[in-house]
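Some notes on the structure that comes next.
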Amino acid sequence: MIVKGNGDTTGEDGAGELILIVDDNPSDVLLLQRTLRQAGVMNPTKVLEGGAATIEYLTNEGAFAERARFPFPRVIFLDLKMPPPDGLA
């Protein structure tokens, strides 16, 4: 569910579900986070910088082995042009 600043929600039950941002450019990450805030989206975000870390996160491996600490994201914003493995590999 997407949580808006005015209390309105979109989607199913589960307020505050995670938005995962995968991008190797800090400026793009900042722009996306700012845009989400301006749109009133209040969900927590997690930023990862590469495809390998993203695969580990989504499969609960390595540093992201604890699902309670690293919840599965409801939405993923994925940069397609990153060093391999990228968003297309």
Side-chain angles (χ1 to χ4, degrees):
M1 155 177 22
I2 302 300
V3 181
K4 295 279 200 151
N6 62 5
D8 292 342
T9 57
T10 304
E12 303 171 8
D13 293 332
E17 293 187 75
L18 183 71
I19 296 173
L20 182 62
I21 301 171
V22 183
D23 200 317
D24 60 338
N25 184 328
S27 297
D28 289 344
V29 170
L30 182 62
L31 180 62
L32 178 56
Q33 289 175 323
R34 182 178 298 161
T35 301
L36 289 170
R37 279 194 309 273
Q38 289 175 346
V41 176
M42 306 304 290
N43 293 63
T45 60
K46 171 77 175 163
V47 177
L48 298 174
E49 294 183 0
T54 302
I55 291 168
E56 281 189 5
Y57 188 95
L58 295 174
T59 58
N60 282 105
E61 296 176 353
F64 306 108
E66 292 182 54
R67 184 55 80 197
R69 287 184 53 211
F70 303 102
F72 199 80
R74 182 67 165 183
V75 175
I76 301 173
F77 288 97
L78 178 63
D79 180 6
L80 296 178
K81 294 184 179 181
M82 293 187 299
D86 60 16
L88 298 174

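All residue numbers in this chain count up from 1 along the given sequence. All values below were derived from every heavy atom in this structure, side-chain atoms included, with hydrogens, water molecules and symmetry-related copies excluded.
Using a 4.5 Å cut-off between side-chain heavy atoms of Ile, Leu, Val, Met, Phe, Trp and Tyr, with links allowed through other members, Phe64 and Phe72 fall into the same hydrophobic cluster. Following chains of ILVMFWY side-chain contacts shorter than 4.5 Å, one cannot reach Leu30 starting from Leu32, and the two form parts of different hydrophobic clusters.
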Which pairs would a plain distance check flag for residues 50-58, meaning a side-chain donor or acceptor within less than 3.5 Å of a matching protein atom at least two apart in sequence or in another chain?
| residue | atom | partner | partner atom | Å |
| --- | --- | --- | --- | --- |
| Thr54 | OG1 | Gly50 | O | 2.8 |
| Tyr57 | OH | Pro71 | O | 2.6 |

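Rounding to the nearest 0.5 Å gives a distance of 11.5 Å between CG of Leu78 and CD1 of Ile21. Distance CG/Asp24 to CG/Asp79: 5.5 Å, rounded to 0.5 Å.
When every heavy atom of Phe70 is checked against every heavy atom of Asn60, the shortest pair comes out as O-ND2, 4.4 Å. Between Gln33 and Thr45, the closest heavy-atom pair is NE2-OG1, 3.5 Å. Across all their heavy atoms, Asn43 and Glu17 have their closest contact at ND2-O, 2.7 Å.
Formation of a donor-acceptor pair under 3.5 Å by the Asn25 side chain with backbone atoms of Val29 is not found in this model.
For residues 36-51, no residue pair satisfies the salt bridge (Lys or Arg N to Asp or Glu O under 4.0 Å) rule, not counting sequence neighbours.
Partners of Arg67 under the salt bridge (Lys or Arg N to Asp or Glu O under 4.0 Å) rule, at least two apart in sequence or in another chain, do not exist in this structure. Shown here are the salt bridge (Lys or Arg N to Asp or Glu O under 4.0 Å) partners of Glu61, two or more places apart in sequence or in another chain: there are none.
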